[in-house]
Protein chains: 2
Amino acid sequence: MSYETNVFENLHHRMITNGFEHGQKIRAEHLRKEFGCSASTVREALFRLSTLGLVQFQEQRGFRVPQKSRNTLHELSHLRILLESEGAIQSIRQGRVEWEARLNAAHHQLSHIEKRLNETQISEPFIDLWFAAERQFHETLISSCGSDLLIGTHRQIYDRFRQQLMVEDRTFNFVSDNIEHHQQILDAAMSGDEALTQMKIHNHLARHL
Amino acid sequence: MSYETNVFENLHHRMITNGFEHGQKIRAEHLRKEFGCSASTVREALFRLSTLGLVQFQEQRGFRVPQKSRNTLHELSHLRILLESEGAIQSIRQGRVEWEARLNAAHHQLSHIEKRLNETQISEPFIDLWFAAERQFHETLISSCGSDLLIGTHRQIYDRFRQQLMVEDRTFNFVSDNIEHHQQILDAAMSGDEALTQMKIHNHLARHL
DNA sequence: AAATTACAAAATTTCAAAATTATAGCTAAA
DNA sequence: TTTAGCTATAATTTTGAAATTTTGTAATTT
């Protein structure tokens with residue numbers, strides 16, 4: 001793996017997991033010391049991230065983490081509902097027992113983590129586990145839709161969605177609602193009811209609209 | 001405007017207007033002579049294009065224009081229908097007389113070009129005009145949807161869609177169908193019939209599914 | 001006190017050379 | 001004839017310095 005790809009993946013992850021603050025200036029000249037490479041290599045990675053919307057680029061003024069924005073969150077939620085509903089519906093239509101098994105497994109893991117969080121309120125060591133399991137659940141939900149493009153686009157939106165919520169994610173205020181919502185989404189998908197699945201996905205995200 | 005942005009925009013345009021052939025290797029080392037800048041600057045622009053899906057990047061093997069792919073076109077069409085329908089529906093709901101005026105203007109220009117193309121079969125001088133007008137019509141159709149994110153995502157998909165059709169676009173075989181389809185989309189949108197608009201968009205793109 | 005100017009420091013952008021890797025062609029051995 | 005090994009060439013990746021622009025601060029002017 002090349003240096004640039006290493007830098008890209010590292011920064012990509014930190015952009016959506018509160019590794020940098022909203023609005024923070026990202027200086028290639030500083031990060032090069034941390035990564036032990038040239039500022040040009042960091043700059044390349046930042047350009048890719050800017051195209052993904054995870055960093056804002058302004059000529060001659062460098063790169064900056066996007067601010068939290070109520071409007072951006074609204075738009076991301078709306079588009080995420082659209083994509084995830086379509087992906088889930090197509091997965092219901094095209095998925096097989098294998099998809100159901102994977103979805104149940106993903107849900108099992110996620111609900112296990114969320115229930116632990118809900119009982120103990122021990123937060124910090126679980127955030128990474130929760131983060132990965134939440135993503136895995138939603139991605140598995142659409143994984144049999146038959147379109148890599150839809151999956152990729154959904155991922156792009158999901159990443160930006162997570163970035164907008166990266167501070168709030170760490171308060172864990174959402175957990176009890178999530179347990180219920182994720183269960184409802186799973187049940188609806190397992191029952192093969194497309195409209196119900198779409199409605200449950202919408203309910204899950206409606207508070208951000 | 002910086003060099004890199006210049007290079008990016010130039011390459012971006014050529015990626016979707018048959019400036020390079022499907023599957024062609026894109027060498028920064030060669031293009032630097034054309035642009036009169038360093039290969040590193042070209043490489044930066046290519047990284048951005050790769051994130052947009054208009055160029056494929058492979059470590060140590062550089063950049064390549066994506067092949068034509070029946071499957072990719074299918075996925076792009078499906079996703080484009082999804083996004084464009086949603087954008088059109090939201091525009092119908094949220095748009096005002098001003099949106100209708102802009103859409104009628106965009107359609108007028110597009111149909112004028114398409115009719116000329118249909119009558120005279122003079123192709124080459126019109127491709128750029130048609131290209132711009134077709135894009136303008138579809139973008140205007142969704143322009144009052146209230147979501148910059150949806151508009152931006154649609155544009156990204158539309159670009160890739162045009163790349164897949166950039167050779168076929170130059171045969172002009174589609175023109176008479178297009179005249180009819182665009183008119184139907186306009187009429188449906190003007191009538192405020194959401195379901196009909198969605199159906200007409202679907203019909204317009206169904207041959208690529 | 002507020003606005004403007006000048007200058008130094010910091011940051012950004014670009015460059016082309018060095019380091020590294022892939023590719024192509026040739027030769028020898030099996 | 002095929003395969004493996006070697007070498008030269010071409011291309012890719014990375015580097016850090018030079019060129020350019022922005023930012024911050026102090027001094028001056030209004």
Side-chain angles (χ1 to χ4, degrees), chain A residues 1-16 18-69 160 163, chain B residues 1-16 18-68 152 160 163:
Chain A
M1 193 182 299
S2 70
Y3 280 11
E4 191 275 334
T5 303
N6 252 325
V7 173
F8 171 73
E9 294 187 353
N10 179 288
L11 290 181
H12 184 284
H13 185 68
R14 287 158 71 180
M15 285 295 157
I16 59 181
N18 212 26
F20 302 104
E21 293 187 1
H22 286 289
Q24 184 175 344
K25 186 82 175 286
I26 306 297
R27 290 182 174 83
E29 185 60 29
H30 289 190
L31 284 172
R32 73 180 181 90
K33 291 168 198 159
E34 178 185 328
F35 289 112
C37 69
S38 156
S40 301
T41 305
V42 178
R43 178 178 167 85
E44 275 185 3
L46 288 170
F47 262 119
R48 289 171 73 185
L49 290 168
S50 79
T51 313
L52 290 176
L54 293 176
V55 154
Q56 285 168 339
F57 169 62
Q58 201 172 6
E59 280 178 25
Q60 305 294 346
R61 284 166 175 70
F63 302 85
R64 198 174 282 275
V65 183
Q67 292 282 5
K68 278 184 73 168
S69 155
R160 289 183 64 179
Q163 183 182 60
Chain B
M1 192 183 299
S2 71
Y3 278 17
E4 190 274 335
T5 302
N6 251 325
V7 173
F8 171 74
E9 294 187 350
N10 180 286
L11 289 181
H12 184 285
H13 184 68
R14 287 157 71 181
M15 285 297 157
I16 59 181
N18 212 25
F20 302 103
E21 293 186 0
H22 287 291
Q24 183 174 343
K25 186 82 175 285
I26 306 294
R27 291 181 171 86
E29 185 59 30
H30 289 191
L31 284 172
R32 73 179 180 90
K33 292 167 199 160
E34 179 186 325
F35 289 111
C37 67
S38 158
S40 301
T41 306
V42 177
R43 178 179 168 84
E44 278 185 2
L46 287 169
F47 261 118
R48 290 171 75 184
L49 290 168
S50 78
T51 313
L52 291 175
L54 292 176
V55 154
Q56 285 168 337
F57 169 63
Q58 202 171 6
E59 279 177 26
Q60 303 295 346
R61 283 163 178 70
F63 301 86
R64 199 175 284 272
V65 182
Q67 293 281 6
K68 279 184 72 171
R160 289 183 63 179
Q163 185 183 57

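In the text below, chain A, chain B and the rest are named by the order of the sequence lines, each starting its count at 1. Being a predicted model, the structure only gives us computed values, none of them experimental.
- Taken from CG in Leu54(B) to CZ in Phe8(B), the straight-line distance is 8.0 Å, to the nearest 0.5 Å.
- Dashed line: the shortest gap from a side-chain N or O of Lys25(B) to OP1 or OP2 of dT12(D) is under 4.0 Å.
- Between the side chain of Gln163(A) and the backbone N or O of Met15(A) there is at least one donor-acceptor pair closer than 3.5 Å.
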I'd like a table of atom pairs between the protein and nucleotides 18-21 of chain C - only N or O on both sides, under 3.5 Å - with the distance next to each one.
none

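- Nucleic acid contact class of Phe57(B) (heavy atoms, under 4.0 Å, all strands): sugar-phosphate only.
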Which protein N or O atoms sit under 3.5 Å from an N or O of nucleotides 15-19 of chain D?
residue : atom : partner  : partner atom : Å
dT15(D) : OP2  : Ser38(A) : N            : 2.8
dT15(D) : OP2  : Thr41(A) : OG1          : 3.0
dG16(D) : N7   : Ser38(A) : OG           : 3.0
dG16(D) : O6   : Ser40(A) : OG           : 2.5

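- Regarding Arg64(B), its CZ atom lies at a distance of 13 Å from the P atom of dA11(D), rounded to whole Å.
- In this structure, the CZ atom of Phe47(A) is 11 Å from the P atom of dT12(C), given to the nearest Å.
- Non-hydrogen atoms lying under 4.0 Å from DNA chain D are contributed by nothing in residues 8-15 of chain B.
- Ser38(A) and Thr41(A) share no side-chain donor-acceptor pair at under 3.5 Å.
- Between the CZ atom of Arg43(B) and the P atom of dA17(C) there is a distance of 18 Å, given to the nearest Å.
- Positionally, the nearest nucleotide of DNA chain D for Glu44(A) lies more toward the 5' end than for the other of Glu44(A) and Glu59(A).
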